[in-house]
Amino acid sequence: MAVQLSAFPIEYERNPLKQIVTTGEKFEAMIRWLKSRKRIVVDYETSGIAWFQHATYCGIGLAGWDEQGRIWNAYVPVRHRTGSPQLSSELIAPAIKDLLGDPTIEKVGHNIKFEDHFSRKEGWRIVGPRYDTMVAARLYDDNAPLKLEKRAELDLGIKAAMAWNTTLNVEVAKLARANGMKIEDYKWRYGYSEVDPVLCGIYCCTDTDHCAKLRDHYEQWGVSRYYSRIWPTEMRLTEVLCDMEQNGMPIDVPYLQGVREQVRAAKESLEVRIHQLMGGYRFNVGSDDELRSTLYHVMGLRWEKRTKGNQLAVDREVLEGFSAVSEVCRLILEWRDAEKIDSTYTTSILELLDSRNLLHSNFQSVGASTGRTSCKSPNFQNMSNDDEARALAATGKKLKAGGRDPWSIRRAFCGRGQNWVRVLCDFSQIELRVLAYYSRDPIMVDAYITGEDLHDRTAKEVGALLGHECERRVAKITNFGISYGLSEKGLAAQAKISEADASIFMRAFFQRYAGITAFRQELCAKARREGNQWSSLFGRTRRIPDLASDVFWKRKRAERQMIGSAIQGTAAELTKESLVRIADWLVAEKIPALLVNTVHDEIQIDTPRECLTQVVKNCKRLMEAFPEFHPIPIIAESSVSFQTWADKVPYKEESANGQPI
DNA sequence: GCGACAAGCTTG
DNA sequence: GTACGAGCTTGTCGCT
């Protein structure tokens with residue numbers, strides 16, 4: 001029996017299924033009822049998204065299903081800075097802790113990792129089975145946006161699902177203005193904590209209602225049954241990624257500040273020299289429009305390359321082309337390097353640190369339509385690599401010979417402490433192995449079974465067919481490019497060879513690797529037969545309607561996307577399952593190591609030095625245990641960072657208890 | 001003053 | 001129109 005709470009205390013939402021709980025009696029009745037449910041929805045409203053800084057929850061939304069399948073939603077405001085009666089967080093804490101910690105009740109949430117972070121901050125945990133409707137939404141339709149309200153509109157047909165969100169954001173905009181702050185800054189600092197709890201409550205109840213209905217909708221379709229292999233992994237992964245974000249990445253702040261000062265000084269002196277060389281003609285180096293008019297009109301340079309919008313391009317390729325005749329262009333390239341590091345890799349990282357100088361990113365297991373994990377605020381997956389030219393210029397040595405990039409960003413990613421080391425385990429050529437498995441191409445399979453270097457083998461095979469030596473370098477670019485649907489032009493551009501040579505090489509490549517050619521064709525043919533979709537070995541489905549497009553280039557693009565998704569997506573599955581296996585192993589064996597990062601085909605773990613050998617050995621074992629790829633062996637290799645990310649060295653048994661290298 | 005978009009850059 | 005998948009930043013433009 002559903003407990004009868006009083007009606008919503010405002011005129012326009014007199015709905016007993018959406019209520020605001022502001023008395024102890026109501027709260028207790030609500031908890032009693034929720035404790036008797038099979039599953040509940042959880043959704044916090046907070047004072048910002050920065051759980052690792054000041055943000056805490058300011059109210060909790062909860063929902064449950066009654067015996068008729070109706071959904072009862074309630075919002076419990078506790079820390080709104082304005083607004084009449086609220087319950088105290090101390091008062092409700094024990095009951096919430098007990099409810100969320102009940103292993104028999106399924107917890108439903110849209111991006112439940114967020115609820116997990118704020119729960120942990122209060123000292124309680126989300127225990128028991130989980131259902132993340134955001135993950136389900138991605139699996140149900142991989143082409144639609146993930147936002148809760150959007151999916152309520154698209155998948156449930158609820159009109160104006162965004163309405164309360166809009167109302168709330170209008171309110172936030174007003175508050176921001178009243179505080180003299182930019183909306184973005186205001187939201188970061190205060191979130192919804194200053195919004196009237198009634199308005200926030202209506203919004204929250206609408207969200208929990210949508211979330212519950214989406215769960216019903218997706219399960220009626222059968223998401224968790226249809227995706228029986230990846231679903232349990234994805235649900236456990238929401239917890240593992242939360243652990244990873246909580247663990248954070250230690251940052252060497254003085255070093256990073258030093259880099260920032262250097263690049264800012266470099267930017268300033270470059271600007272001065274650029275304007276001098278221009279004879280006092282001043283323009284904003286960071287503005288592509290001004291740069292374009294400077295290069296093509298003031299300086300009278302000529303280049304045919306255009307942007308997508310048919311404007312004259314001013315990108316790196318063009319500027320490099322001009323560098324031979326124009327010192328200014330060479331300096332602008334240097335300025336862009338410094339600007340990128342300043343804005344993207346120093347300032348923003350320093351702003352995202354917690355009080356212990358730990359950097360906490362935000363991983364999304366369903367961020368990409370291919371099934372890959374994405375990462376933001378900051379993005380650990382595009383931290384720039386150390387620059388060979390800068391290292392050579394600054395230290396006179398190459399990186400491998402002990403040279404150091406003075407602007408290295410990876411060097412700011414330091415160790416966790418005296419006794420800690422970081423292990424980096426990566427899959428060896430995982431995408432090519434996946435391709436070998438799917439295509440069963442005899443040459444590829446043979447190369448992997450015998451352990452021969454694939455790029456050498458490719459150069460040899462293509463060379464034999466053409467009757468002359470082929471470069472390993474070109475072979476390597478071609479091998480990796482296959483997953484992306486490499487074109488002859490693309491190969492020519494990247495390998496810096498003529499288009500004619502690229503064309504000859506690729507023709508020979510596809511003739512020799514007939515299995516790959518056939519696989520690509522059969523993959524797209526099968527996808528078309530099955531309604532423009534294709535399911536991987538792990539069952540993840542990619543839907544690309546454009547496979548049936550009448551427009552040639554759209555169809556071709558769709559084919560490249562399908563091939564890319566098949567290979568990347570399958571490879572991503574190995575990383576995800578490995579993350580879960582490693583997390584489970586650490587718990588089972590009580591190893592005090594911490595997962596800290598994953599970059600597509602790599603997993604990073606901080607471990608006390610005395611556990612290093614054990615961690616490396618077992619990560620390798622767990623990552624390589626994919627017998628379904630037989631006869632293709634899956635191989636994981638390990639590196640170790642004794643100092644920083646920039647100093648990683650291949651793992652060797654004898655280095656395990658050794659000194660910093 | 002905000003949101004959307006374009007262009008450019010960084011990764012696997 | 002010439003590569004697949006991402007995220008972040010600055011500058012520009014139209015709208016309120």
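Proteins come first, then strands; the chains are lettered A, B, ... in the order of their sequence lines, and each starts at number 1. From a predicted model like this one, the values you see are computed outputs, not experimental measurements.
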- Message: Under 6.0 Å from the ring centre and within 45 degrees of the ring axis: does the NZ or CZ of A:R543 meet both conditions for the six-membered ring of A:Y140?
- Response: no
- For each nucleotide in nucleotides 7-16 of chain C, reading 5' to 3', give B when a protein heavy atom comes within less than 4.0 Å of its base, S when such contact involves only the sugar-phosphate, and - otherwise. BSSSSS----
- Message: From C-beta outward on A:A368, which listed nucleotide comes closest to its side chain: C:dG5, B:dA7, B:dT10?
- Response: C:dG5
- Query: Any side-chain donor-acceptor pair under 3.5 Å between A:N284 and A:E290?
  - Reply: no
- Message: Using the rule side-chain contact (heavy atoms from CB on, under 4.5 Å), only one of A:V580, A:L579, A:I582 pairs with A:L622; which is it?
- Response: A:I582
- Item | Between P of B:dG8 and CD of A:E320, the distance in whole Å | 13 Å
- Closest to the A:S369 side chain: B:dG12, C:dA6, B:dC9? C:dA6
- Taking the six-membered ring for Trp, is the centroid-to-centroid distance between A:W645 and A:F413 below 6.0 Å? yes
- A:L333 has an atom CG; how far is it from atom C1' of B:dG8, in whole Å? 12 Å
- Where the side chain of A:K489 is concerned, which of B:dG12, B:dA7, C:dT2 is the nearest nucleotide? C:dT2
- Query: Side-chain donor-acceptor pair under 3.5 Å between A:T644 and A:D647, yes or no?
  - Reply: yes
- Just checking A:K308: base, sugar-phosphate only, or nothing, at a heavy-atom cut-off of under 4.0 Å? sugar-phosphate
- Within less than 4.0 Å of OP1 or OP2 of C:dC4, is there a side-chain N or O belonging to A:R560? yes
- Task: Using whole Å, report how far CD1 of A:I332 lies from C1' of B:dG8.
- Result: 14 Å
- Query: Between A:Y438 and A:W534, does the ring centroid distance fall short of 6.0 Å?
  - Reply: yes
- Message: When the P atoms of C:dG1 and B:dA7 are compared, how many Å lie between them, rounded to an integer?
- Response: 13 Å
- Task: May I ask you to check whether A:H600 and A:F427 place their ring centres under 6.0 Å from each other?
- Result: no
- Item | Pair of N/O donor and acceptor under 3.5 Å linking C:dG1 base with A:R557 side chain | no
- What would the secondary structure line of DNA chain C be in dot-bracket form, counting Watson-Crick and G-U wobble pairs under 3.5 Å, with [ ] for pairs that cross earlier ones and | for pairs with another strand? ...|.||||||||||.
- Message: Can you list everything that forms a salt bridge (Lys or Arg N to Asp or Glu O under 4.0 Å) with A:E559? Sequence neighbours excluded, please.
- Response: A:R528, A:K556
- Message: Classify A:F552 by what it touches in the nucleic acid, base, sugar-phosphate, or nothing, heavy-atom distance under 4.0 Å.
- Response: base
- Does A:R336 place a side-chain N or O at less than 4.0 Å from the phosphate oxygens OP1/OP2 of B:dC9? yes
- Message: Looking at A:Q561 and C:dC4, is any side-chain donor or acceptor paired with a base atom of the opposite kind under 3.5 Å?
- Response: no
- Using the P atom in both, what is the distance from C:dT2 to B:dA6, to the nearest Å? 14 Å
- Message: Classify A:I183 by what it touches in the nucleic acid, base, sugar-phosphate, or nothing, heavy-atom distance under 4.0 Å.
- Response: sugar-phosphate
- Separation between SG (A:C425) and CD (A:E637), nearest 0.5 Å, reads 10.5 Å
- Message: On DNA chain C, does the nearest nucleotide to A:K556 precede the nearest nucleotide to A:H600 from the 5' side, or the other way round? Give the residue.
- Response: A:K556
- Message: Assess whether a salt bridge exists between A:D387 and A:R404, defined as any Lys/Arg side-chain N lying under 4.0 Å from an Asp/Glu carboxylate O.
- Response: no
